[in-house]
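Remarks on the structure that follows.
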Amino acid sequence: MALEERYDPRKVEPKWQKFWAEKNLYKTEYDDSRKKFYCLEMFPYPSGRIHMGHVRNYAIGDVIARYKRMRGFNVLHPMGWDAFGLPAENAAIKHGVHPSKWTYENISYMKGQLNKLGLSYDWDREVTTCSPEYYRWNQWFFVKMLEKGLAYRKSSYVNWCPSCQTVLANEQVIDSKCWRCDSIVVQKELFQWFLRITRYAEELLTSCDELAGWPEKVVLMQKNWIGKSFGVEADFRIEDSDENIKIFTTRADTLFGVSFVCLSPPHPLSARLVEDKDELDKITAQYGKADEKMGLFTGRYCINPVNGERVPIYIANFVLMEYGTGAIMSVPAHDQRDFDFAVKYDLPIKQVIMPEEKIVGAGLVPAQQKPQGVPLQAAYEDDGILMDSGKFSGFASTDARETIAKYLQDKGAGRKVVNYKLRDWGISRQRYWGTPIPVIYCDRCGIVPVPEKDLPVILPEDVRFTGKGGSPLLESPSFLDVTCAVCGGKARRETDTMDTFVDSSWYFIRYCFDGKDPGLDSKLKSKSPELGYWMPVDQYIGGVEHAVLHLLYSRFFTRVLRDLGIIGCSEPFTNLLTQGMVIKDGAKMSKSKGNVVDPDYLIERYGSDTSRLFSLFAAPPEKDLDWSDKGVEGAYRFLSRVWNIVSKNLEAMKRVVSDDLSTGDISGLTEEGRSLLRKTHQTVKKVTADIEKEYHFNTAISALMELVNEMTGFEPRDEIGYKVLRAAVEKTLLLLSPFTPHIAEELWEAIGNEPFIPDRGWPSWDEGLAMDEEIELVIQVNGKVRGKLMIPVGLTDDEIKKLALGDRKMVEFLGQGVIRKVIVVKGRLVNVVVG
RNA sequence: GCCGGUGUGGUGGAACUGGCAGACGCGCCGGACUCAAAAUCCGGUUGGGGCAACCCAGUGAGAGUUCGAUUCUCUCCACCGGCACCA
């Protein structure tokens, strides 16, 4: 086969893409006699076109998938579309295109882009979350969760994005702003569907420790998000009443310093205790606003259970209803927030903890001899020694927390409790383009789940997108009016749709089935061999922005499906790689910054092999990648050099085979030949190690560049010389193939091999051939390099020592003093300590 | 504020378990080819000193441990990320 003289990816790449697609070479079959490897990249939202972040993400995943395949694994490497979401609906409002049309057109275009990148997906498993075949399972899981009490409806204050006209989950509010559109989020009271993720809070937290293959940073973020804290629930009896205010505190040791109690505005007692409803409304309007602390005195008092003190009850805008009991005790001396509040409303500040240093410095000071007359300038929030705390004075904070908790418990006025920051996951969205929540409301029967036989509840097509007046589903009678599944009477359908994070919480499970499998229906409802085989995902790759959101929801969903008896594992992702952002000119690529690089342009100009190679070479995957147009040219230059070596030596190489080189007979080789052969084996070893060790592709590629540099300078003079060259070229192409599959395939074929490299297996190296014949010994005197010496490998420490001390240059240095010590590091250096 | 991370040439980044700092790429400088340029190829490239062999300094700053520290410990500085009335 002839080879073009110049490397032209525009001719090479389409040829191989066509070859792979026509033979469906990346199709994966379930085969439990083989070792499996499930390699998954986060699927994209079909926004219209892919961006460089996708190129990087998918290039990383493709290298891993191809590498594992060459290592003999049965690799599952699927792709799909996170296809529900607001942009489609906004496009409908703005341009009058139906969200479905807009979405499917985008998918079609983006699929073409992914294929142009030469990614090794099994498209038969493609998942599109907006198709009824997919979202019917969201609905089925929802109904199951309803049965198990894991889905429920309640009225609560929720995060409302005025621009998106919908609620947001806590995880979707970033800095008080909407994660999608950056609008300021407000609090609004609404009836909402929730998934009881808190039921799994403890398990999600403790099994964090099993996530050994995740970046520690992400595990830590999950732990912090779940936010477990130990504390005490204490009862403050309301004066002239039988009722108690239950407060939650982690600082039972400060109970004697309580000077007031605060209720959250939505707390049920707030409305009962406050007489002036206008004032209560005012403070309720300020609920959740971070800027200023505001309070309202109820005129009522309650009794501190530890000392019987009478303390005023306030309503305070900063007290959260959703955490703890919705009521707090306020200790201004030891909590800065309470301190600020006390100063503002002129409430007493009573110090009950003193810093430990005072006591250490002056011996044990009785609590009565407290420091006098120095008012606190700020709250003292650290632990210390209790003072003015009755019989607990003199206790250390840590001990006092235990002892006081026990005291309250014995009195029946409190108990030890555990609290989590994690809240239940609100999934209702007041938008059209999402999974309909499969529930109907009947005047007689109340909330009725849609029976399984009526699933899926399909999104109606006959809707209008005006952008006003809430969800278009509210205006669709064909959707809205139903008969009750229980009594047959008139009923109304739920018009809220599900958060799209529901879709992505289990898509990795759906991939485990061949898209055309007719038995799918029963397989998703009970334990199937496919799920047992493929799950969990061995390697998951995506952006760190989902550290809590998607990754936490997926961990939750996997457990729910486990408890439904569908899946055997609890953790969905064994190993997680969070890739860095793509940066250009010091900022994340974005339209507004005008620093975007268009993948289409890049592929057209340099080819996808070059695009992939650069994004893998410029930085290790977990770090941010600094885009450089010059760097891309460098990658292209490198591939051209590989091409040129092959095209220059094509005919001579085709006449030889390289097989017998590894048997050890290298006596006929020149010095250069031996060197190249050694470098070849060293490179196979190095590239393998770099991929295995945390997927450091950048150093793997640099090793390949070194090998190619040596090949460029090598001039074979005889048959055995060409054998060496051919061996070097073949190994290079095999090693290169996960990174740049098209050019590898083209050159592989050109030198006379059968195409489809992935089936050839990963190359091996010969430890003997990889070994250096001699090494450079570094000679140090007192830790400074003073000389270098070439020595043969395999010498003993004593021999090395003798050689080093006998070196001509050493003699001068050693004249200066007495040798105190000689340290020999095998194969590296000798350090002579002279004093 | 709390938690976590990072800091290495002009630049992106290398450096196994504490053992030659700066691999590889980019840029720059010099050379070859060319009427010339582009492309390509070859050589050089941490800073300072020296004709040179070499010498000195050097991984954000300062200390410490060690024969030896980019790597381990402590303090500080700068930047980045997460959380933030979570009681």
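First the proteins, then the strands, lettered A, B, ... as listed; each starts at 1.
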- request: Just jot down the side chain to side chain contact (heavy atoms under 4.5 Å, CB included) partners of A:Ile583, sequence neighbours excluded, or say none.
  value: A:Met581, A:Asp624, A:Asp626

query: If you look only at pairs with a residue in residues 224-234 of chain A, which of them pass as a salt bridge (Lys or Arg N to Asp or Glu O under 4.0 Å), with sequence neighbours excluded?
result: A:Glu202-A:Lys228, A:Glu233-A:Arg415

task: Return the nearest nucleotide to the side chain of A:Asn698; candidates are B:rG13, B:rC83, B:rC26.
output: B:rG13

query: Can you list the residues that meet the side chain to side chain contact (heavy atoms under 4.5 Å, CB included) rule with A:Arg828, with sequence neighbours excluded?
result: A:Val825

query: Heavy atoms under 4.0 Å, any strand shown: does A:Glu322 hit a base, just sugar-phosphate, or nothing?
result: nothing

message: Does a side-chain N or O of A:Thr699 approach OP1 or OP2 of B:rA23 to a distance below 4.0 Å, or not?
response: no

query: Tell me, which pairs form a salt bridge (Lys or Arg N to Asp or Glu O under 4.0 Å) where one or both residues lie in residues 691-709 of chain A, sequence neighbours left out?
result: A:Arg71-A:Glu692, A:Lys679-A:Glu706

message: Please enumerate all residues that pass side chain to side chain contact (heavy atoms under 4.5 Å, CB included) together with A:Asn782, with sequence neighbours excluded.
response: A:Val833, A:Val834

message: Hydrogens and angles aside, do A:Glu5 and A:Asn644 bring a side-chain donor and acceptor to less than 3.5 Å of each other?
response: no

- request: Would you tell me if any nitrogen or oxygen in the side chain of A:Asn709 comes within less than 4.0 Å of OP1 or OP2 on B:rA23?
  value: no

- line: Quick note, A:Tyr323 side chain, CB onward, closest among B:rA87, B:rC20, B:rC24 is B:rA87

Show which side-chain atoms of residues 321-334 of chain A pair as donor or acceptor with protein atoms under 3.5 Å away, not counting sequence neighbours.
{"from": "A:Tyr323", "atom 1": "OH", "to": "A:Ser229", "atom 2": "OG", "distance (Å)": "2.8"}
{"from": "A:Thr325", "atom 1": "OG1", "to": "A:Lys246", "atom 2": "O", "distance (Å)": "2.6"}
{"from": "A:Thr325", "atom 1": "OG1", "to": "A:Ala327", "atom 2": "N", "distance (Å)": "3.4"}
{"from": "A:Thr325", "atom 1": "OG1", "to": "A:Ala327", "atom 2": "O", "distance (Å)": "3.2"}
{"from": "A:Ser330", "atom 1": "OG", "to": "A:Asp338", "atom 2": "OD1", "distance (Å)": "3.4"}
{"from": "A:His334", "atom 1": "ND1", "to": "A:Tyr380", "atom 2": "O", "distance (Å)": "2.8"}
{"from": "A:His334", "atom 1": "NE2", "to": "A:Val352", "atom 2": "N", "distance (Å)": "3.0"}
{"from": "A:His334", "atom 1": "NE2", "to": "A:Ile353", "atom 2": "N", "distance (Å)": "3.1"}

Using nucleotides 52-56 of chain B, report all nitrogen or oxygen pairs with the protein that are shorter than 3.5 Å.
{"from": "B:rC55", "atom 1": "OP1", "to": "A:Arg786", "atom 2": "NH1", "distance (Å)": "3.2"}
{"from": "B:rC56", "atom 1": "OP2", "to": "A:Arg786", "atom 2": "NH1", "distance (Å)": "3.2"}

message: Let me spell it out: for each of A:Leu625 and A:Asp338, pick the nucleotide of RNA chain B with the closest heavy atom. Which residue's pick is nearer the 5' end?
response: A:Leu625

message: Holding to side chain to side chain contact (heavy atoms under 4.5 Å, CB included), I want the full list of residues that pass it with A:Ala587, two or more places apart in sequence or in another chain.
response: A:Lys593, A:Asn595

Watson-Crick or G-U pairs under 3.5 Å in RNA chain B, rendered as dot-bracket with [ ] for crossing pairs and | for another strand: (((((((..(((......[....)))((((((.......))))))((((....))))..(((((..]....))))))))))))....

Side chains of residues 630-639 of chain A: which donor-acceptor pairs under 3.5 Å do they make with residues two or more places apart or in other chains?
{"from": "A:Glu633", "atom 1": "OE2", "to": "A:Tyr606", "atom 2": "OH", "distance (Å)": "3.4"}
{"from": "A:Tyr636", "atom 1": "OH", "to": "A:Tyr7", "atom 2": "O", "distance (Å)": "3.1"}

Can you give me the N/O atom pairs linking the protein to nucleotides 63-70 of chain B at distances under 3.5 Å, or say none if there are none?
{"from": "B:rC67", "atom 1": "O2", "to": "A:Asn831", "atom 2": "ND2", "distance (Å)": "2.4"}

- request: Could you tell me whether B:rG9 is syn or anti, where syn means a glycosidic angle within 90 degrees of zero?
  value: syn

query: Do the side-chain N or O atoms of A:Arg637 get closer than 4.0 angstrom to the phosphate oxygens (OP1, OP2) of B:rC26?
result: yes

- prompt: At under 4.0 Å between heavy atoms, what does A:Asn644 touch on the DNA or RNA strands: base, sugar-phosphate, or nothing?
  reply: nothing

- line: Looking only at B:rG25, B:rA23, B:rG19, the nucleotide nearest the A:Leu829 side chain is B:rG19

query: What's the closest nucleotide to the A:Arg828 side chain, out of B:rA23, B:rG19, B:rC42?
result: B:rG19

message: Need one value for A:Leu220: base, sugar-phosphate or nothing, where a base atom within 4.0 Å counts as base even if backbone is also close, heavy atoms only.
response: sugar-phosphate

Pair up each side-chain donor or acceptor in residues 791-799 of chain A with any protein partner under 3.5 Å, not counting sequence neighbours, and list the distances.
{"from": "A:Thr796", "atom 1": "OG1", "to": "A:Glu799", "atom 2": "N", "distance (Å)": "3.2"}
{"from": "A:Thr796", "atom 1": "OG1", "to": "A:Glu799", "atom 2": "OE1", "distance (Å)": "3.1"}
{"from": "A:Asp797", "atom 1": "OD1", "to": "A:Lys826", "atom 2": "NZ", "distance (Å)": "3.0"}
{"from": "A:Glu799", "atom 1": "OE1", "to": "A:Thr796", "atom 2": "N", "distance (Å)": "2.8"}

message: Base, sugar-phosphate or nothing for A:Ser229? Non-hydrogen atoms, less than 4.0 Å.
response: sugar-phosphate

field: A:Glu216 versus A:Trp214, side-chain donor and acceptor atoms under 3.5 Å
entry: no

